Amino acid sequence: PLIYVITPTYARPEQIPELTRLGQTLMGVPRVHWVVAEDAHVSNMRVVTYLKHTGLPHTYLLTPMPEEYRNQTMQPKGVANRNGGLAWVRARATEGVVFFADDDNAYDLRLFEEMRYTSRVSMWPVGLIIGSGVSTPVLRNGRFVGWYDAWIGGRTFPVDMAGFAVSVEFLLQRPDALMPFKPGHEEDGFLRSLGISQSDIEFKAAECTQIYVWHTQTKKNYPYSRQILSPKFDGTNLRVLQ
Ligand code: UGA
Ligand code: MN
């Protein structure tokens, strides 16, 4: 089966570095289609050019966050992007698997082989989750016994965006499934809109004992061009000059 990797992205200095890391990971994944959905109104030529360079089968979509959410303190990041990607998959795909891959996470190639054979919804652990270190379904003797996550928050499926994949056939049978514009509840809302129950979930990564994806976050590296131009700057005293 083909894997449709839906990646939300938005312009900032780290964007091309993040997409380079993810793109080079996907170069190691056979039978993949990369759906890159950007939070923008006009095409970002840096991204378009980079995607062409990768040689990967890909689609570039413009999926801006609706204005009404833009001013909120808690923004539904990447939701318009993922719903746009889902709409594209629904229109074009008949079989395969859908996975939401944020542009800034770190992915082991083994993850893609774990998710490739998903008949309904598959799940696995995600590492480096803030607060708990890991977010994962917990299994005992191969049977689901509960969820481990820093924030359960009354969610039916307290999982991270990178912690699950859905079969395209299964998705097509649920034309109304959508991700809600509800910060903190995107994953749970989407999974609940699929109408799944625990018995529909296929637990991967050696019964959820192996971590193949990490919620890494790239630190901002602000350029201090003014300080660098100062005659007092010697390459080591940046902090002093700030
Ligand atoms: C947290 C959660 O850990 C993710 O599982 C969840 O996808 C995300 O929030 C979310 O709110 O949807 P975090 O690292 O805080 O992740 O979020 P980002 O990585 O900053 O953003 C998630 C995705 O949305 C990224 O692919 C990013 O490129 C994209 N994004 C972010 C936009 O398209 N527009 C924005 O304004 C911000
Ligand atoms: Mn992130």
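Keep in mind that what you see is a predicted model, and the values were worked out from it rather than measured. Just follow the structure's listing: the first ligand is 1, and inside any ligand the first atom is 1.
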State plainly whether the residues R70 and D39 are in salt-bridge range, i.e. N to O under 4.0 Å. yes

Could you pull out the N/O/S protein atoms under 2.8 Å of the Mn ion (ligand 2), ignoring any water? D104 OD1, D104 OD2

Using a 3.5 Å cut-off and no angle test, enumerate the donor-acceptor pairs between side-chain atoms of residues 130-137 and protein atoms at least two apart in sequence or in another chain.
from, atom 1, to, atom 2, distance (Å)
S132, OG, V134, O, 2.8
S132, OG, A150, N, 3.2
S135, OG, D149, OD2, 2.6

Would you tell me whether S199 and S197 have side-chain atoms, one donor and one acceptor, within less than 3.5 Å of each other? yes

In plain terms, say whether R82 and D102 are close enough for a salt bridge, that is, a side-chain N and a carboxylate O under 4.0 Å apart. yes

Can we say E113 and R110 salt-bridge, meaning some charged N sits less than 4.0 Å from an Asp/Glu carboxylate O? no

Under 6.0 Å from the CD atom of E95, do we count more than 12 heavy atoms belonging to anything else shown? no

Filter on ring pair (Phe, Tyr, Trp, His ring centres under 6.0 Å), then keep only pairs touching residues 60-96, sequence neighbours left out; what's left? H33-W88, Y69-F181

Any chance you could measure R120, atom CZ, to R174, atom CZ, to the nearest 0.5 Å? 9.0 Å

Residues with a heavy atom under 4.0 Å from ligand 1, by chain and number, are P8, T9, Y10, R12, D39, K77, G78, N81, R82, D102, D103, D104, D160, M161, E186, E187, H215, Q217

Under 6.0 Å from the six-membered ring centre of F112 and within 45° of its axis: does the NZ or CZ of R116 meet both? no

